[in-house]
Structures are given as C-alpha cells and as structure tokens.
Amino acid sequence: MIISARGARPARTAVLAAVAALAVPLVVAPIAAAPPAAADAPLRVHAAARGKFIGYAASTSPLANEAAYRSVAASEFNQVTAENAMKWDSTEPSDGNYTFAGADQVMAFATANNQQVHGHTLVWHSQTPGWVQGLSASAMRTAMQDHIATVVGRYANNAALVSWDVVNEVFDDNGNMRTSFWYNTLGSSYIADAFRYARAADSNARLCINDYNVEGINAKSTAMYNLVRQLRADGVPVDCVGFQGHLAIQYGFPSQFRENLDRFAALGVQVRITELDVRMQLPRDSTKDATQATYYRNVVQGCLAVTACAGVTIWGFTDKYSWVPDTFSGQGAALPWDANYSTKPAYTAIHDALDDGTSPNPDTTPPTTPGTPVASGVTSSGLSLSWTASSDAVGVTGYDVLRAPGASGGSFAVVGTPSSASFVDSGLAASTTYRYQVRARDAAGNVSSLSSVASVTTTAGGGGPGPSSSCRVAYTISPWGGSPGFTAGVVLTNTGTSSLSGWTLAFTLPSGQAITPPGWSATWSQSGQAVTATPLSWNSTLAPGGSTTIGFNGTHTGGTSEPTTFTVGGSSCTVV
Ligand code: G2I
C-alpha cells in the first residue's frame with residue numbers, strides 16, 4: 001500500500017538498460033538469468049502467479065526499431081494488443097486488398113517472447129476506410145463478413161492469438177446506440193452478425209465487446225450490460241467484455257468499479273481492462289504522480305478481486321508513445337514509464353498490487369533449455385517428437401512446440417503445448433520439410449530458452465491407390481440460438497508441395513440445410529445438396545501450406561450436422 005517506500009526501484013531501469021544492450025531476439029530469460037531480489041520480478045511474473053495477464057498496446061515503429069522499447073515490452077508483459085496494426089484501415093485499406101505486415105510483426109514479437117495476442121479491432125466506426133462507409137446495406141454486410149473471415153481466419157490456427165475485440169465502441173455516453181455508419185446502414189443487427197462471423201472463423205478465440213467510459217456503473221455501462229445479456233440470451237457468441245480504462249485524475253476514479261465488473265461477471269462473461277491509461281494536466285508533479293499511482297493500483301486490485309477478470313492491458317507503456325497528448329491538449333504523462341523509460345510511482349503501484357504477498361517469493365528462474373527434438377515414426381502426414389526434458393527448481397509444467405514450414409525462412413508458431421517431453425504432430429504435407437523447436441515453462445510463467453532446431457522431412461506417402469490428399473478442410477458450424485439459421489466457416493489449406501490455383505471446393509450439405517447467398521470470400525453455389533465454392537481473385541492461389549477462410553450463412557430444418565467429405569479438383573481433402 002505504501003507506494004513511496006521502494007527506494008531501490010531505480011535498479012529496475014538499470015537492469016532493463018543492461019537487457020537492452022543484449023542481442024535480440026529478447027526473451028524473458030535475460031532478466032531471470034541473474035535473479036533480482038524476489039520483489040523486483042517483472043510484472044508478468046507476478047501477474048502469472050496470480051493467474052492474470054498483464055498486457056500493453058504495441059506501437060509499430062518502436063517495436064521494430066527501438067531496443068529499449070523492445071526490452072521493456074518483452075520482459076514486463078505476457079500479453080500484447082496491436083495499438084493500430086490490426087485495425088481495418090491497416091489490414092484492408094481497399095476492398096479485398098489485405099496487408100498484414102504490421103499485424104504479423106506483432107504476432108512474431110509475441111511468439112518470440114511467449115506473449116499472448118489480443119486482436120483489436122474488427123468492427124469500429126473509426127479507422128475504417130471510406131470505401132466501407134459508403135456501401136449499401138447488403139454490400140456493407142458482405143464486406144464485414146469478408147473482413148472478419150479473412151482477418152480472424154488468418155490467425156485462427158495460431159496459438160498466440162487468444163481473443164478479439166469484435167465490435168468496439170457501439171454506444172454513446174448516454175447509453176444510446178452510437179449512430180455510426182454501421183448502425184445507420186445496418187441497424188443494431190450488425191453487432192450479433194459480427195460475433196457470429198468471428199466465431200465461424202475461429203472457434204477458439206475469446207470474442208469481446210469493448211468500450212470506454214463503462215468502467216463504473218452509469219447509463220453507458222448499464223446499456224452495455226443489457227446488450228450483453230440480450231445477445232447471450234439470443235445465443236450470440238459474446239465471451240468477454242472489455243473496459244477500456246482511459247482515465248484522468250482530474251475526473252476522479254470511476255464509481256463502483258469493482259461492483260460493475262461483478263455484475264458483468266454474473267452474466268457469465270469474462271471481463272478485462274483493455275486500454276488502461278491515467279492522464280493528467282501537464283506538467284507532472286509528485287502529487288499528481290501519486291494520485292495516478294492510486295488509480296493504477298485500484299484498477300489492478302479490482303481485477304485481482306474478480307475471478308472472471310482475466311487481466312489488465314495498459315494502452316502503451318511509455319509516455320514516449322501515447323495517443324493522449326495528440327488528443328487532449330495540455331494533458332499527458334498517462335503511462336507507468338516516462339519518455340526515458342524510467343519507471344514512475346504508477347509502475348510501483350501496479351507491481352505491488354500484483355505482488356501483494358500471496359506470492360512472497362516468486363520463482364524467477366526459468367527451466368533449463370530442453371534438448372533438440374528428435375523425430376520418429378515419420379509418415380507422409382505426421383511424426384512424433386521427443387526431447388531431453390528440462391529441469392526446474394520448482395517444477396516444469398509443460399512445453400511449447402514451435403514449427404516453421406520449409407528448410408529455411410518461414411516463421412515459427414506454437415503448434416502444441418504438451419505437459420511432458422513428447423508431442424505427436426499431424427496434418428502435415430507429404431515430402432515436405434518442417435523445422436521444430438521446443439521450450440519449457442514453469443508454474444510462475446518463466447520460460448526457458450528455445451532448444452536447437454530440428455529439421456524433419458515427411459515421406460512421399462502414396463502406396464495406395466490414387467494420390468495422397470493435398471488439401472485439408474476445417475469446417476465449423478455455429479447454430480444461431482432460437483432460429484433455424486447457422487453460420488459455417490471453412491478453412492481450406494493447401495497441404496501439397498505446389499501451389500493450388502483456381503481451386504473448386506465441393507461437398508454435400510446434409511439434407512434440410514441450404515446456403516443463404518451470397519456467402520463470403522468465395523463464389524458459392526448449391527444444386528440439390530451439392531455445394532461448390534470457387535475463389536475470388538485474392539485467394540485463388542494457395543501456396544504450399546497456405547490457407548484461406550471462406551464461409552456462408554445458411555438455414556436448417558432442425559439438424560446442424562456437418563458435411564463429411566470435401567474434395568478439391570475431385571480429390572478428397574483431409575478433414576480435421
Ligand atoms: O483513442 C484511444 C483508443 C480508444 N479505444 C480504441 C483504441 O483503438 C484507440 O486507440 C487509438 C490509438 O492509440 C491511436 O494511435 O486510436 C487512434 C485512432 O482513433 C490512434 O490514432 C491514430 C491517429 O489518429 C492517426 O492519425 C495515425 O495515423 O494513429 C494512427 C497511427 O499512428
């Protein structure tokens with residue numbers, strides 16, 4: 001509680017500076033290699049010990065270019081949100097032309113540093129290109145479907161991506177629906193549709209609705225509460241509510257913050273603070289810093305007190321990169337690190353709220369590096385890996401298995417999290433080289449260095465009649481609660497060794513099911529129960545290992561079973 005008592009805190013800045021001087025890529029290990037006093041462990045160690053995430057919003061340029069920024073980001077946080085790089089104007093600036101450089105950069109940094117990624121944001125009135133805003137109702141709905149299917153589908157199989165802000169800021173401060181171009185064109189139904197399209201594209205990611213000025217109990221948060229309750233009653237897949245937390249010391253701390261989290265938790269959703277910052281009138285002084293610190297502490301303690309609260313994300317972390325001064329004239333200094341990466345009382349407050357004595361001696365030592373994985377039982381589509389186990393003073397809780405396509409190039413992504421030192425991989429392409437690495441983790445969230453890389457080439461397969469499968473289909477059907485409708489998502493992957501161009505996917509819909517045109521990300525047609533999908537220009541070529549997510553809405557007369565056989569060009573695909 002006494003935030004000014006930590007005279008030794010500047011040592012953290014020195015540690016970080018030393019880390020910054022090390023070669024990238026940075027992992028958590030450098031800080032733990034010379035364990036500081038237990039109470040000086042980074043935020044992520046304490047947060048993990050409490051079962052929460054502690055996140056930051058990543059700014060594209062310093063994440064790519066600035067060692068000091070990267071070192072704080074890597075060492076202090078276990079979750080990241082792209083501040084701008086996953087928004088519509090970044091990912092689909094013109095109709096059907098997708099660009100993922102910034103989004104992929106955040107994914108790669110997160111994977112290298114064992115961080116989860118929260119996707120932000122799919123449907124918003126801001127930072128959405130003009131071409132979307134002028135569309136007719138049916139074209140706008142199709143554009144939304146296509147955008148969600150493509151952006152969510154891109155990361156659906158990436159274990160780092162754990163959640164999405166599906167819709168953002170749908171309310172005015174008085175609790176009325178915001179009269180955005182979305183609402184004005186489609187009415188409020190766009191909200192439920194967006195969640196259904198997102199679920200169809202990724203059945204695992206947690207799907208969130210997010211807003212500001214909803215932290216306390218007020219007209220806006222009550223409107224949000226009623227909307228979430230209704231959506232869930234209608235069977236709409238809303239899993240989570242994000243409270244942005246853009247606070248200002250001159251306006252006071254939101255009233256009934258904890259009670260507000262509690263009432264949403266009682267609806268069965270996860271809650272989280274998604275964009276925390278606490279601005280002040282400049283210049284800073286020690287009194288304002290102390291008030292700001294109490295706000296940060298209150299938010300973290302509120303989240304800790306509510307089981308359904310998953311964690312807290314800070315909107316940035318250094319005053320060097322913050323949206324606040326550009327938006328609120330004369331205000332700023334909103335973040336826990338100043339523009340020179342020195343910590344402020346706000347940092348100490350967050351740290352000490354997370355480290356409140358329930359974990360008096362946090363484990364900061366990572367497990368030893370596991371051995372290089374060794375492959376056995378290699379077939380045309382799968383293999384087994386095993387490796388020499390890591391050791392840990394407290395105990396290894398599991399491993400991450402990372403895989404990259406090809407003998408070189410291609411980035412590593414987590415494909416499995418076994419609890420012991422072996423893993424079976426499947427769904428691989430024949431005659432294809434893959435690289436594998438493993439790392440170990442312990443209960444406190446410490447992660448070992450990555451093992452050396454093993455390269456494995458699958459066998460040619462064949463032997464039986466006909467060619468081996470060179471496509472894979474993951475089909476997801478999401479029934480609409482209370483109505484005879486459903487949304488279906490199909491992830492089609494080229495598991496062959498050469499590019500797949502101008503493909504035609506065919507399957508038979510179970511009887512009683514019918515497609516409601518037009519579907520998205522493909523040209524769909526149905527004749528009897530036979531369905532075909534042909535690509536659009538942007539997804540007509542799938543490179544080896546590449547995939548595309550397509551989908552459609554449909555109706556059923558009671559049954560929502562899935563098709564069992566899918567073919568591309570007449571050859572059967574593996575179904576997962
Ligand atoms: O406005 C604060 C946040 C409120 N909740 C949703 C968040 O997504 C939002 O983040 C801010 C970013 O922090 C800013 O960085 O969203 C702003 C856009 O509404 C972002 O500002 C934009 C500037 O307006 C653009 O001029 C600039 O090109 O950032 C862009 C990239 O730097």
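Read the numbers this way: they start at 1 and go in the same order the structure lists the ligands and their atoms. Please read these numbers as outputs of a predicted model, since none were measured by experiment.
- Every atom of ligand 1 with a heavy atom of Ser126 under 4.0 Å away is listed here by number and element: 19 (O).
- By the 4.0 Å N-to-carboxylate-O rule, Asp319 lies close enough to Lys344 to be salt-bridged with it.
- Each of the atoms 4 (C), 5 (N), 6 (C) of ligand 1 lies under 4.0 Å from some heavy atom of Glu169.
- Nearest protein heavy-atom neighbour of atom 16 (O) of ligand 1: Lys87 NZ, 3.1 Å.
- Between the choices Glu275, Gln127, Gln244, the shortest heavy-atom distance to atom 19 (O) of ligand 1 belongs to Gln127.
- The residue from Asp104, Asp202, Thr91, Thr548 that alone fulfils the side-chain hydrogen bond (donor to acceptor under 3.5 Å, both in side chains) condition with Arg154 is Asp104.
- Ring geometry, Phe328 versus Trp323: the interplanar angle exceeds 60°, so the pair is classed perpendicular (tilted spans 30 to 60°).
- Contacts between Tyr212 and ligand 1 below 4.0 angstrom, taking non-hydrogen atoms only, are absent altogether.
- For Tyr295 and Asp277, the side-chain atoms include no donor-acceptor pair closer than 3.5 Å.
- At a 3.5 angstrom cut-off on N or O pairs, Trp124 does not count as close to ligand 1.
- Atom 25 (C) of ligand 1 is never approached by the protein to below 4.0 angstrom, counting heavy atoms only.
- Taking the six-membered ring wherever Trp is involved, the centroid distance between the rings of Phe243 and Phe257 does not fall below 6.0 Å.
- Taking the six-membered ring where the residue is Trp, Phe486 and Phe552 present perpendicular rings, their angle passing 60° and hence far from 30°.
- Set against the non-hydrogen atoms of Asn168, the atoms of ligand 1 under 4.0 Å away are 6 (C).
- Given atom 29 (O) of ligand 1, the protein heavy atom at minimum distance is Asn84 ND2, 3.6 Å.
- Closest to atom 12 (C) of ligand 1 among all protein heavy atoms lies Glu83 OE2, 3.4 Å.
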- [ ] Show the numbers, then the answer: is there a side chain to side chain donor-acceptor pair (under 3.5 Å) between Asp146 and Tyr98?
- [x] CA-CA 11 Å; Asp146 183 42; Tyr98 288 92; 3.2 Å; yes
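- Within 4.0 Å of atom 8 (O) of ligand 1, at least one protein heavy atom is present.
- Counting heavy atoms under 4.0 Å from ligand 1, residue Thr327 does not touch it at all.
- Checked against the 6.0 Å centroid criterion, the rings of Tyr347 and Tyr296 do not qualify as a close aromatic pair.
- Aromatic ring pairs are classed by plane angle as parallel below 30°, tilted from 30° to 60° and perpendicular above 60°; the pair His351 and His46 is perpendicular.
- When only non-hydrogen protein atoms are considered, atom 10 (O) of ligand 1 lies nearest to Trp315 NE1, 3.3 Å.
- Less than 4.0 angstrom separates atom 4 (C) of ligand 1 from at least one non-hydrogen atom of the protein.
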